[in-house]
Amino acid sequence: MIDLKYLQNNFEEASARLQKKGVDTDTLSHLKNLFAELKAANAALEAAKAEQNSMSKLFGQYKREGKDITELKAKVDANKEAMVPLQERAREAEEALFSLALAIPNFPDDDVPEGVDEEDNVELRRVLEPRSFDFEPLEHWALAEKNGWIDFERGVKLAKSRFAVLRGEAARLERALINFFLDTNRQKGFEELCVPFMNNAQMLQGTGQLPKFEDDLFKVEGEDLYLIPTAEVPLTNMYHDEILPEDTLPVLMTGYTPCFRKEAGSAGRDTRGMIRQHQFDKVEMVAIAHPDKSDEVFEMMVQNASDILTALGLPHRVVELCGGDLGFSAARTIDLEVWLPGQNKYREISSISNTRDFQARRAKIRFKDGKKNRLVHTLNGSALAVGRTLIAIMENYQNEDGSIEIPEVLKKYM
RNA sequence: GGAGACGUGGGUGAGUUGGCUGAAACCACACCCCUGCUAAGGGUGCGUAUCCUAACCGGGUACCGAGGGUUCGAAUCCCUCCGUCUCCGCCA
């Protein structure tokens, strides 16, 4: 959630900043009014409560002293009745405010490039030269078929479309990648965690998936539980509603989880192959950082993800997202796009974001800064998406006969 | 899943015939004083959120697992849910 006090006191500036994310001024001005209304409603209600409390105290005193209470009782009853509409007003104001406030995206950083969609993203650098083929490189689904690696039909049979089964070497390669990623992250100082794959609504709200993006989530029937769309949710919410000692920062966490997404709204996109699935494996990095140090941590995370791709010998490029392409919670995001020679293009394989205090405010994650409690910054990033790495290896390491080499660093994991 | 017990501040733990308890006491922690010794003693402070305010000074409101209810007034009474422990059942 954005800082409503900041919005109130710096409306012009706040409004200008959120333009980048496509939030119009009218909405923000409405939000500002709702905030003022809630404050006014609460002030009125709290004054009435204060009155009620002091009269109640008197009430007890009178009784002890054996005084007559009928007059006081009448006053206190009248005040209580007068509070009913005040209570209603405050409740409505709160509901109105939060239903809007929770749907407002985070401010982008000032140096985030202008732009409306991925066309306007800025390529920062390329790492590793794509290999040149002396034959026509195949796309991963063709390679999958030749090698018997991915059973799309049976994935669909078992579940529905956008589910697949990895078989034999591919299943082992998937597992090897998970282990390789976790080991690498651990060596960089990330604590490895194995977390629940379902989280409750409050946690999903903490990281920003709820209430706005419920349609993208698989909900467990009859339970207050959702299948996680990313390990960012459980890892970040590890410290939901907690106050961390300053010297524990940054908290670095990594974990492997499957991720579940309905992919509502992406009908028809990437239907071929294994690029976009309802369930995919991912190893995630999450950092809880001191606000003054989150930029450093961010750079470290980008570098780590890039280094993993380099270690695997996978050519990739580093792309800074423009304002319009930024996710809901992100103030800044860098994507890593891996080269897919079969598709002849770069495709996203990691996305690293700094959400600043946006998630921290929702999830109430603070640290002790001297005597005061301050919101932390939270960061998250993939290192890496496992299924897409598998695809990248298939396409980049293919031979003319359709066989696939295993990258050197993975051999000890196979 | 069934039966019983229980859920208080960083920890231990009072408080359950409703009011003077936002909450005793002790421990831990912070600062100060005393003391020249590898100890002890004394004092003060020590929850979170939000509103008023220039203010981390003062005051209001809310919070004793969560959410409702009864009442002038609830940590204390009632209901629902969640969780913990014990016994039984079940299972990887």
Side-chain angles (χ1 to χ4, degrees), chain A residues 1-10 31-98 101-102 194-206 210-211 219-226 234 237-249 251 258 291 357-376:
Chain A
M1 201 164 78
I2 61 169
D3 184 350
L4 293 173
K5 271 194 210 162
Y6 167 75
L7 177 76
Q8 186 184 42
N9 298 327
N10 307 276
L31 181 63
K32 187 184 159 187
N33 291 337
L34 289 175
F35 184 50
E37 162 60 12
L38 176 63
K39 284 209 315 200
N42 275 338
L45 177 61
E46 281 169 17
K49 276 184 176 171
E51 179 73 5
Q52 188 77 358
N53 285 344
S54 69
M55 283 196 285
S56 290
K57 261 196 180 124
L58 258 188
F59 200 102
Q61 196 181 317
Y62 277 27
K63 280 205 119 177
R64 249 174 290 127
E65 294 169 358
K67 286 192 189 169
D68 180 43
I69 54 162
T70 50
E71 195 179 330
L72 182 60
K73 168 89 168 133
K75 273 175 72 179
V76 106
D77 282 342
N79 190 59
K80 196 184 184 188
E81 200 162 316
M83 275 190 349
V84 172
L86 295 177
Q87 243 148 0
E88 184 61 11
R89 179 185 167 202
R91 199 192 56 76
E92 280 172 7
E94 184 170 320
E95 199 177 299
L97 175 67
F98 284 102
L102 288 172
C194 187
V195 294
F197 301 160
M198 298 178 218
N199 282 190
N200 62 45
Q202 204 176 16
M203 300 305 119
L204 273 300
Q205 181 173 302
L210 288 178
K219 186 170 191 331
V220 180
E221 192 174 339
E223 299 277 350
D224 176 33
L225 289 172
Y226 296 81
N237 282 296
M238 277 289 292
Y239 297 99
H240 188 106
D241 200 13
E242 291 193 28
I243 301 166
L244 295 156
E246 184 172 357
D247 61 15
T248 60
L249 302 179
V251 178
D357 61 11
F358 185 82
Q359 292 179 326
R361 184 171 294 104
R362 287 172 162 250
K364 301 195 269 287
I365 308 173
R366 291 97 77 207
F367 73 100
K368 272 273 180 238
D369 186 14
K371 237 179 119 70
K372 289 212 71 154
N373 295 327
R374 277 178 72 192
L375 294 171
V376 298

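Each chain gets a letter, A, B and so on, in the order the sequences are listed, and its residues count up from 1. FYI, side chains are in, hydrogens and waters are out, and symmetry mates aren't considered; it's all heavy atoms of this structure. This structure is a prediction, so every number in the text was calculated from the model and none was measured.
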Out of A:Lys75, A:Lys80, A:Lys73, which residue meets the salt bridge (Lys or Arg N to Asp or Glu O under 4.0 Å) rule with A:Asp77?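 So, applying the salt bridge (Lys or Arg N to Asp or Glu O under 4.0 Å) to A:Asp77 and each of A:Lys75, A:Lys80, A:Lys73, only A:Lys73 qualifies.
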Scan [X] against the nucleic acid and name what it touches under 4.0 Å (heavy atoms): base, sugar-phosphate only, or nothing.
{"X": "A:Lys372", "answer": "nothing"}
{"X": "A:Lys364", "answer": "nothing"}
{"X": "A:Ala50", "answer": "sugar-phosphate"}
{"X": "A:Gln52", "answer": "sugar-phosphate"}
{"X": "A:Asn373", "answer": "sugar-phosphate"}
{"X": "A:Asp77", "answer": "sugar-phosphate"}

To the nearest 0.5 Å, what is the distance between CE (A:Met1) and CZ (A:Phe358)?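 Atom-to-atom, A:Met1:CE and A:Phe358:CZ are 8.5 Å apart.
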Which value, rounded to the nearest 0.5 Å, describes the distance between A:Tyr239 atom OH and A:Thr248 atom OG1?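 Result: 7.0 Å between the selected atoms.
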Nearest-angstrom distance, [atom1] atom, [N] to [M]:
{"N": "B:U48", "M": "B:A24", "atom1": "P", "result": "16 Å"}
{"N": "B:G13", "M": "B:C20", "atom1": "C1'", "result": "23 Å"}
{"N": "B:A75", "M": "B:G22", "atom1": "P", "result": "8 Å"}
{"N": "B:G45", "M": "B:U50", "atom1": "P", "result": "25 Å"}

Who is the Watson-Crick or G-U wobble partner of B:C91, with both distances under 3.5 Å?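 Pairing partner: none.
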Reading RNA chain B in the 5' to 3' direction, which nucleotide is the first one with an atom under 4.0 Å from a heavy atom of chain A, and which is the last?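 Nucleotide range in contact with chain A: B:G19 to B:G73.
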Taking the side chain as C-beta and beyond, is there a heavy-atom pair between A:Asn373 and A:Phe367 under 4.5 Å?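 SC-SC contact between A:Asn373 and A:Phe367 ruled out.
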A:Glu92 with A:Arg89: basic N within carboxylate O range, under 4.0 Å: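 Salt bridge flag = no for A:Arg89 with A:Glu92.
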Sort and list the pairs that fulfil side-chain hydrogen bond (donor to acceptor under 3.5 Å, both in side chains) and have at least one residue in residues 46-56 of chain A, not counting sequence neighbours.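 Sorted pair list: A:Gln52-A:Asn79.
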Hey, which sits more toward the 5' end of RNA chain B by its nearest nucleotide, A:Lys57 or A:Arg366?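 By nearest-heavy-atom nucleotide position, the 5'-most residue is A:Lys57.
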